[in-house]
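Okay, so here's the structure we're looking at.
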Amino acid sequence: FFSLIRANAVKMAIIFLLTIPAFLVFAFNGQIDWPIAIWLAVGQFLGTWLVGKLLTNNKLSNDWVKWLLLCMVLGSALRMFGFFEWAWAH
């Protein structure tokens, strides 16, 4: 298995490669709201940097991230299948 740091590096490399074509399509079609995009980019950079610093200095970070990822995937799956709308309707 990969360490948390190596797995994150591989994930970010893949995301970067997939983001370039999407960015080019949206940019050439004039579909980017640049002020909002810049603020999002700054926030993403600062959040990534901060979390990277916190996780590399914490011995329990692998366990913490696994549980967080599990919760996020479960929540996303429940939302995708309409569970929350169904639950609030009943």
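As a basis for the values below, the full set of heavy atoms in this structure was taken, side chains included, without hydrogen atoms, waters or symmetry mates.
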Quiz prompt | Approximate separation, where rounding is to 0.5 Å, of L74 CG and L69 CG | solution = 11.0 Å
Exercise. Consider only side-chain heavy atoms of I, L, V, M, F, W and Y, link residues closer than 4.5 Å, and tell whether W88 and F83 are in one cluster.
Key: yes
Quiz item: Which heavy atom of I32 sits nearest a heavy atom of A37, and at what distance?
Solution: CG2-CB, 3.9 Å
Quiz item: M12 and M72: same hydrophobic cluster, using ILVMFWY side-chain contacts below 4.5 Å?
Solution: no
Quiz item: Is Q44 atom CD crowded by more than 12 heavy atoms from other residues, nucleotides or ligands, each under 6.0 Å away?
Solution: no
Exercise. Answer yes or no: does atom CZ of F26 have more than 12 heavy-atom neighbours from other residues, nucleotides or ligands under 6.0 Å?
Key: no
Self-check item: Residue pair R79 / E85: nearest heavy atoms and the distance that separates them
Solution: O-OE1, 4.3 Å
Exercise. Rounded to the nearest 0.5 Å, what's the gap from CG on N29 to CG on L24? Could you check?
Key: 10.5 Å
Quiz item: Does F45 reach the side chain of T48, with side-chain heavy atoms less than 4.5 Å apart?
Solution: no
Quiz item: At what distance, to the nearest 0.5 angstrom, does CD1 of I20 lie from CZ of F16?
Solution: 3.5 Å
Practice problem: Flag yes if I36 and V42 sit in one hydrophobic cluster, no otherwise; membership is Ile, Leu, Val, Met, Phe, Trp, Tyr, and two members link when side-chain heavy atoms are under 4.5 Å apart. | Solution: no
